[in-house]
K.L.:
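This is the structure I want to talk about, given as structure tokens.
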Amino acid sequence: MTKYISIFSLKYLAMFKGINAIEFGKRFYDNESCYWYLIEQKWGKGFSCSRCGHTKHYKGKTYYYRKCRKCGYSESVTANTVFHAMKMPMLKAFHMIFRLTAKKKGMSTTELGSEVGVQQKTAWLFKRKVQVAMKQDNNDKLKGNVDADEPLIGGYTNKNKGRSLQSKEALLLATEKLPDGRTGNIRIQPIENFEALTLKYALKDMIDDKANITTDHYRSYQNLKKKMNIQTVLSKMGQSLEELHKQIMQFKNWLRGIHHKCSPQHLFAYADEYVFRFNRRNNRKIIFHKVLDKMMNQIPHPYPILKILYYYST
Ligand SMILES: [Zn+2]
């Protein structure tokens, strides 16, 4: 009997690694199995009261509560996480995170809503939370040889060719160039304009100070060359930075395919989502766990703000 219990609890304790829907369904089949996973994430290494820091607890009012022995604070497993006060069943939330992380390209909220059985609006609001969890850590800067360019997104009209920003959004996209020519990690960030100062801060945000940056022959970079490790090459219709331009096309195609409508204020979130998935393309099995872990350590999102964003995006 003891042996059985230990095997049984091990099944709960182990990190879920996988992109297979059947395996996912075996592991997470009701709300309780999801809550146990969160309990392990939060208190697996020991309890610590979020009010007073005391490490001993009583049983809580349900299996996913703990009550502090010192101050008596009763805390749910979802307190201080994005899952707090969520009306949707936890199993549906898990299914959405799984679909957004396990699928190579993610999923639109219309598809997501119909697959999991929630309204598109609910799916949209929840996906925003997942995208925040996918935000790149600042210390994950690109290193070595890095190529950078500033593509425009949306508003494809013949009138505004060149670098005009009317009805278009600008991005700064940078890729690591590995010694064998392949692409390493990437970073993408929306930028407000092409001024030297804007480019400088965006580059510094995404790229390590010691990296060698290559970009095309754009005016703003001439000024930056004096202060940063940048070399410029003539663009020759995109040939000089071939791998980089391939990545730009892929990002644009993804944006068009998955997010038919992408309002400018959400471009940050979409870029974060794309980069997170791309940089983990060789380690996709742990993305679900990583995102869930981040969501457990995030301050809950103010729901009214998300709702306002939603109305503006449609
Ligand atoms: Zn306490």
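Atoms considered below: every heavy atom in the structure, side chains included; atoms not considered: hydrogens, waters and symmetry mates. Counting starts at 1 for both ligands and their atoms, in listed order.
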K.L.:
Report yes or no: is the cationic atom of R51 (NZ for Lys, CZ for Arg) closer than 6.0 Å to the six-membered ring centre of Y73, at no more than 45° off its axis?
P.N.:
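Ring-cation test returns yes.
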K.L.:
Tell me if the centroids of the rings in Y65 and H57 come within less than 6.0 Å of each other.
P.N.:
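When the ring centroids of Y65 and H57 are compared, they turn out to be at least 6.0 Å apart.
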K.L.:
Just to verify, what does K42 make a salt bridge (charged side-chain N to carboxylate O under 4.0 Å, His left out) with, not counting sequence neighbours?
P.N.:
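Counting only residues at least two positions away or on another chain, K42 forms a salt bridge (charged side-chain N to carboxylate O under 4.0 Å, His left out) with E75.
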K.L.:
Please identify each residue that fulfils ring pair (Phe, Tyr, Trp, His ring centres under 6.0 Å) with F16, with sequence neighbours left out.
P.N.:
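F16: ring pair (Phe, Tyr, Trp, His ring centres under 6.0 Å) contacts with F24, F28, F288.
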K.L.:
Please enumerate all residues that pass salt bridge (charged side-chain N to carboxylate O under 4.0 Å, His left out) together with K204, with sequence neighbours excluded.
P.N.:
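K204: salt bridge (charged side-chain N to carboxylate O under 4.0 Å, His left out) contacts with D209.
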K.L.:
Any side-chain donor-acceptor pair under 3.5 Å between T109 and Q120?
P.N.:
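The criterion, which ignores hydrogens and geometry beyond distance, is satisfied for Q120 and T109.
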K.L.:
For the Zn ion (ligand 1), state how many protein N, O or S atoms fall inside a distance shorter than 2.8 Å.
P.N.:
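Number of qualifying protein atoms: 4.
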